[in-house]
Amino acid sequence: MNEPNIDPKLLKPYDSKETEDHIYKLWEDSGFFNPDVCIEKGVTKKDADPFSIMLPPPNVTGVLHIGHASMLTIEDIMVRFARMKGMRTLWLPGTDHAAIATQSKVEKILEKEEGKRKTDLGREEFLKRVNKFAQESHDTIVSQMKKMGTSVDWSREAFTLDDKRNLAVRTAFKKMYDDGLIYRGHRIVNWDPKGQTVISDDEIVYEERKAKFYTFKYSSDFPISISTTRPETKVGDVAVAVNPTDERYLEYIGKTYIVENFCGVKLEVKIIGDDAVEKDFGTGALGVTPAHSQIDAEIATRHSLPTKQVINEYAKMTVGDERILNKKTTEARTVIVEWLRTEGLLEKEEEVTQNISTAERTGGIIEPLPKLQWFINVNKQIVDRDNKTLKELMLEAVRGGGINIIPDRFEKVYYNWVENLRDWCISRQIWYGHRIPVWYKGEKIYCGIEAPKEEGWSQDEDTLDTWFSSGLWTFSTLGWPDLDAPDFKTYHPTNVLETGYDIIFFWVARMILMSTYLIGQIPFKTVYLQGIVRDVQGRKMSKSLGNAMDPLEVSQKYGADAVRMSLIIGTGPGNDSKMSEDKIRAYKNYANKLWNITRFVLSNTEGIIYDENFSLYEEKEKILIEERDNLIKEITKEMEEYKFYLVGEKIYQYTWSRFADVIIEESKDIFLNGNELVKNSRAQFLLNTLVKTLKVLHPFMPFVTEEIWSMMPVQNKKLLMVERWPNL
RNA sequence: GCGCGAUUAGCUCAGUUGGUAGAGCAACUCAUUUACACUGAGAAGGUCGGGGGUUCAAGUCCCUCAUCGCGCACCA
């Protein structure tokens with residue numbers, strides 16, 4: 001190498017540790033993450049098309065995992081691409097209070113560190129602790145996001161539980177209440193005895209477990225045998241239902257039997273015929289327990305049967321004598337089975353595998369209980385919306401083509417879910433969250449955005465399902481309910497929602513519900529669903545398995561650019577991907593390759609004044625230019641189609657195997673033996689190609705490309721993050 | 001029970017409207033003050049899960065089976 005007059009940094013291998021922090025600071029200080037600043041400083045046209053993404057707010061339950069890193073990378077690629085195309089680009093960050101998840105996390109810590117329960121502290125003091133924890137998590141998350149190179153507009157940062165979002169929540173609730181979409185009802189709900197709260201159908205996780213399926217009679221003179229996996233609930237039976245066409249039982253339908261002593265409990269059992277009962281299942285007869293089974297409750301309603309609650313909120317029995325009273329359901333089950341056995345009533349005992357319902361957050365086994373709760377009616381016609389129901393609005397938004405889901409097979413999954421949707425239970429018996437904006441005074445109920453002025457009203461103790469506020473996210477972040485808020489008018493509907501396919505129901509569907517109903521707009525045009533990042537063996541990463549990869553740790557070790565590339569390449573939408581350190585290492589090498597390409601190009605083109613519009617190319621370069629520009633065209637198209645995994649691989653391929661291994665190799669000879677015209681043509685080509693490569697690669701590897709850009713001999717250059725995407 | 005996805009080189013994955021299989025990583029051979037060892041050159045590696053069909057032509061379209069994974073429903 002001749003005495004190079006290039007940046008001495010280039011003489012050493014690329015060091016991400018010395019680069020990434022100061023580059024991020026450069027971006028932040030520039031203000032270019034904020035689209036308003038881009039307009040002010042003249043890098044974006046005032047009337048350019050807007051492009052907006054709302055960051056799926058990470059839960060303030062701790063730290064970011066590799067899945068978050070993947071989310072941040074994909075979205076950052078979309079956003080940087082849009083920004084470089086000159087769009088008015090807003091990527092709005094935030095965090096989610098995650099109500100039940102955060103509360104149970106803090107409860108665990110409290111229990112472990114101080115041996116206290118939340119009730120020992122009281123609502124106010126406990127919430128202080130939760131807020132403190134949430135704040136600390138938030139700060140960690142923010143610093144992690146910065147490490148990954150996330151180009152979000154921090155000046156607009158939002159939190160699902162801050163004042164502005166609270167106003168949005170109260171406004172939305174009140175409107176739904178006034179429209180009769182939100183109602184209070186006494187229903188069988190999913191009760192989580194561990195979390196001491198109701199949860200929605202979607203927060204249930206089914207676990208396969210072995211169970212015993214018992215067949216027995218209530219008493220020796222009872223005419224019909226029934227089967228159950230939960231004998232303890234049978235003390236709450238009020239009927240036996242059979243299929244009305246089942247000849248075995250026809251003669252009994254309509255009769256009522258008194259069972260004087262069913263393990264110490266008196267039962268009054270009516271025999272009824274109901275189509276919901278399958279002849280072939282079990283004995284073809286079903287003991288009806290209206291208080292503790294959804295289906296039984298429905299049957300009971302059809303036949304005007306009474307409801308008899310026998311299990312309480314702590315999953316303990318509320319009837320019977322000392323053998324079962326106040327015992328846990330599982331203990332009572334053993335007692336009752338023993339009793340059946342000694343009485344000679346137990347006819348059969350089979351091993352079965354059954355799906356048991358557990359609470360997603362606490363792992364508690366769900367106990368169906370009758371309770372007074374708040375619900376959203378998804379089947380009520382809405383006058384303001386052409387008499388459509390929420391369900392219909394949700395279906396229409398996707399069916400009508402307004403919202404495009406990538407990959408499209410998830411559209412089917414979405415329809416299926418919406419079609420089977422039941423009323424959404426939105427009240428939670430937890431302290432952390434948006435308090436329900438309803439006040440009571442005697443028999444009177446008041447729902448309002450603000451508390452009633454007069455004395456004597458007390459607010460509902462419950463809080464809202466965290467997904468209620470998340471459902472408002474695309475517009476509560478933009479100034480809604482102020483319909484004239486400039487951000488709302490400019491950036492809604494948002495362009496893309498990028499999130500994991502595992503929360504399509506929880507979140508994507510709820511956002512569509514809220515947005516179409518409250519503002520009559522779709523919340524986003526495109527939904528890009530990403531898969532789960534797994535370990536090399538294909539297992540889900542988790543702390544308990546010890547296979548979790550800390551995005552921060554690997555970014556520190558290999559550079560955030562390398563981590564980003566490895567999260568993109570080989571990762572299509574909707575598919576799970578596998579991560580390994582080997583893969584990351586390969587892209588760390590790639591960052592260094594770029595570095596050395598730059599060293600070669602700059603040290604061999606010294607004295608050349610780079611001319612972007614250089615036209616005196618030799619034939620050889622013309623061919624190379626065509627090849628390169630065709631690739632960029634292809635890549636640009638694939639970027640528009642969200643095929644980032646292809647683009648990443650193609651640039652990698654081109655820069656390494658083509659540009660470095662072939663073009664640079666042959667350039668050595670040209671620079672050594674060529675005449676001035678030939679050398680000049682080649683030098684301009686190398687510089688021009690490096691410039692374009694850096695631009696195209698920037699959304700993927702923003703740090704190293706920005707750092708190299710700062711050393712490029714380009715006149716009047718801005719930061720690479722706001723340079724224009726190659727326009728061919 | 002209904003539905004979805006996957007199955008391509010040792011591993012991770014591409015493979016657009018059908019035109020005789022590609023990349024990265026790993027392993028192998030060779031090269032060694034080279035822009036870069038965070039390197040280069042080379043070679044090797046696949047009956048595209050099985051079977052059937054459509055077609056001049058199938059990894060690609062259709063049917064079927066298998067294995068793995070997932071979602072929903074059921075769960076008396």
Side-chain angles (χ1 to χ4, degrees), chain A residues 1 4 6 10-16 201-202 206 208-209 211 213-215 225-231 233-234 237 240-242 276-278 281-289 293-296 299 352-357 407 409-417 419-420 501-502 504-505 531-532 534 536-538 540 558-559 562 565-566 569-572 574-604 634 637-638 641 643 645-646 648-650 652-653 656-657 660-661 664-665 667-668 671 686:
Chain A
M1 204 191 302
I6 57 173
L10 272 178
L11 301 176
K12 293 182 297 180
Y14 174 63
D15 186 348
S16 59
D201 297 342
D202 300 285
Y206 296 105
E208 238 181 38
R209 288 194 196 170
F213 191 52
Y214 304 97
T215 301
S225 302
I226 57 162
S227 301
T228 184
T229 51
R230 297 199 59 189
T233 64
K234 298 292 103 184
D237 281 11
V240 165
V242 298
V277 181
E278 283 176 42
F281 193 93
T283 62
L286 155 69
V288 182
T289 323
S293 155
Q294 186 81 44
I295 289 187
D296 293 14
I299 294 175
V352 291
T353 43
Q354 65 162 12
N355 278 333
I356 190 158
S357 306
R409 65 185 143 93
F410 281 98
E411 291 186 2
K412 235 187 206 170
V413 179
Y414 173 81
Y415 296 141
N416 186 266
W417 181 82
E419 280 158 5
N420 292 313
Y501 67 74
D502 49 334
I504 182 164
F505 307 139
I532 296 164
R534 297 172 179 278
V536 206
Q537 293 160 54
K540 245 184 178 171
Y558 302 105
M565 273 302 253
S566 66
I569 292 180
T571 308
N575 291 332
D576 295 354
S577 57
K578 294 180 187 171
M579 251 315 235
S580 65
E581 281 203 39
D582 273 351
K583 197 173 171 188
I584 303 174
R585 203 175 297 121
Y587 296 110
K588 176 196 152 92
N589 295 353
Y590 178 56
N592 192 53
K593 190 73 184 180
L594 279 175
W595 196 251
N596 280 300
I597 286 172
T598 308
R599 186 198 300 182
F600 178 88
V601 172
L602 294 190
S603 55
N604 283 283
E634 199 177 302
K637 183 166 166 278
E638 284 162 350
E641 293 167 349
K643 292 177 179 167
Y645 53 101
L646 282 183
E649 205 167 331
K650 282 180 182 174
Y652 178 92
Q653 202 84 278
W656 200 314
S657 309
D661 290 346
I664 283 186
E665 282 308 316
S667 300
K668 290 176 185 171
F671 287 132
L686 292 181

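Labels below follow one simple rule: chain letters A, B, ... track the order of the sequence lines, proteins then strands, and each chain is numbered from 1.
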TODO: Using the closest heavy atom to pick a nucleotide of RNA chain B for each, name whichever of A:A276 or A:T598 lands nearer the 5' end.
DONE: A:T598
Task: For atom CZ of A:R534 and atom C1' of B:G5, their distance in whole Å - done: 12 Å
Open item on the list: Applying a 4.0 Å non-hydrogen cut-off, can you work out what A:K578 is touching in the nucleic acid: base, sugar-phosphate, or nothing?
Closed with: sugar-phosphate
Task: Distance, nearest 0.5 Å, that separates CG of A:N589 from CG of A:N596 - done: 11.0 Å
Open item on the list: Closest approach to the side chain of A:A586, judged atom by atom: which nucleotide of B:C25, B:C75, B:G71 is it?
Closed with: B:C25
Open item on the list: Please determine whether any donor N or O and acceptor N or O are separated by less than 3.5 Å between the side chain of A:K583 and the base of B:C25.
Closed with: no
Task: Pairwise distance CG(A:D502) to CD1(A:I532) - rounded to 0.5 angstrom - done: 5.0 Å
- [ ] For A:I569 and B:U12, give me the distance from atom CD1 to atom P, rounded to whole Å.
- [x] 17 Å
Open item on the list: Can you see if the side chain of A:K593 gets near the phosphate of B:G40 - specifically, an N or O under 4.0 Å from OP1 or OP2?
Closed with: yes
- [ ] Indicate, with a heavy-atom threshold strictly under 4.0 Å, whether A:K643 touches base, sugar-phosphate, or nothing.
- [x] nothing
- [ ] Select base, sugar-phosphate, or nothing to describe what A:D502 touches, counting heavy atoms under 4.0 Å on all strands.
- [x] nothing
Open item on the list: Using the side-chain heavy atoms of A:D661, tell me which of these nucleotides is nearest: B:A41, B:C36, B:C25.
Closed with: B:A41
Task: Phosphate OP1/OP2 of B:C4: any A:K412 side-chain N/O under 4.0 Å - done: yes
TODO: Could you give the distance separating B:U8 and B:G59 at their P atoms, to the nearest angstrom?
DONE: 15 Å
Task: Pairwise C1' distance for B:A9 and B:C28, with rounding to whole Å - done: 14 Å
Task: Separation of B:C25 P from A:Y558 OH (nearest whole Å) - done: 15 Å
Open item on the list: How many whole angstroms separate atom CD1 of A:I504 from atom P of B:C70?
Closed with: 18 Å
Open item on the list: Using whole Å, what does the distance between atom P of nucleotide B:A35 and atom CG of A:L594 come to?
Closed with: 17 Å
- [ ] Describe the nucleic acid contact of A:A591 in one word from base, sugar-phosphate, nothing, applying a heavy-atom distance below 4.0 Å.
- [x] nothing
Open item on the list: Measure OH/A:Y645 against C1'/B:C13 and give the value in whole Å, please.
Closed with: 11 Å
TODO: With pairs defined as Watson-Crick or G-U wobble and both distances under 3.5 angstrom, please note down RNA chain B as a dot-bracket string, | for pairing with another strand.
DONE: (((((((..((((.....[..))))..((((.......))))......(((((..]....))))))))))))....
Task: Closest to the A:N575 side chain, choosing from B:A14, B:C36, B:A73 - done: B:A14
- [ ] Taking only the side-chain heavy atoms of A:L646 (C-beta and beyond), determine which of B:A35, B:A14, B:C38 contains the nearest atom.
- [x] B:A14
TODO: Working to the nearest 0.5 Å, report the span between CG of A:L286 and CD1 of A:I295.
DONE: 8.0 Å
TODO: Specify the closest pair of heavy atoms between A:A285 and A:S225, including all atoms of both residues, with the distance to one decimal.
DONE: CB-O, 3.7 Å
TODO: Name the nucleic acid region contacted by A:N416, choosing base, sugar-phosphate or nothing; use a 4.0 angstrom heavy-atom cut-off, strictly under.
DONE: sugar-phosphate
Open item on the list: OP1 or OP2 of B:C25 versus the side-chain N and O atoms of A:Y652: is any pair under 4.0 Å?
Closed with: yes
Open item on the list: Please find the pair of heavy atoms, one from A:Y14 and one from A:A591, that lie closest to each other, and give the distance.
Closed with: CD2-CB, 3.9 Å
TODO: Let me know, please, whether A:D582 or A:E665 comes out on the 5' side of the other along RNA chain B by nearest nucleotide.
DONE: A:D582
Open item on the list: Restricting to non-hydrogen atoms, name the atom on A:T283 and the atom on A:I226 that form the minimum distance, rounded to 0.1 Å.
Closed with: OG1-CA, 3.7 Å
Open item on the list: So, OP1 or OP2 of B:A23: does either fall under 4.0 Å of a side-chain N or O from A:W656?
Closed with: no
Open item on the list: Side-chain N or O of A:N589 versus OP1/OP2 of B:U39: is the shortest distance under 4.0 Å?
Closed with: yes
- [ ] Take atom CD of A:E581 and atom C1' of B:U12, then tell me their distance rounded to the nearest Å.
- [x] 16 Å
TODO: Give one of base, sugar-phosphate or nothing for A:Y590, where a contact means two heavy atoms less than 4.0 Å apart.
DONE: nothing
Task: Closest to side chain of A:S657, choosing from B:C75, B:C72, B:G24 - done: B:G24
Open item on the list: Taking only the P atom of each, what is the distance from B:G1 to B:U54 in whole angstrom?
Closed with: 32 Å
Open item on the list: For a quick check of understanding: with a heavy-atom distance under 4.0 Å over all strands, which category does A:V352 fall into, base, sugar-phosphate or nothing?
Closed with: nothing
Open item on the list: To check you understand the geometry: which heavy-atom pair defines the closest contact between A:K578 and A:K583, and what is its length?
Closed with: O-NZ, 4.0 Å
Task: Between C1' of B:A73 and CD1 of A:I356, the distance in whole Å - done: 18 Å
TODO: Over all heavy atoms of both residues, which pair between A:M579 and A:S566 is shortest? Give the atoms and the distance, please.
DONE: CE-OG, 3.2 Å
TODO: Determine the interatomic distance between C1' on B:C38 and the same-named atom on B:U47; round to the nearest Å.
DONE: 39 Å
TODO: Please work out whether the ring planes of A:F600 and A:F671 are parallel, tilted or perpendicular, with thresholds of 30° and 60°.
DONE: tilted
Task: Nearest atoms (heavy-atom pairs only) where A:S357 meets A:Y206 - done: OG-CE2, 3.5 Å
Task: N or O in side chain of A:R599 less than 4.0 angstrom from B:C36 OP1/OP2 - done: yes
Open item on the list: Between B:G52 and B:U29, how many Å separate the two C1' atoms, rounded to a whole number?
Closed with: 44 Å
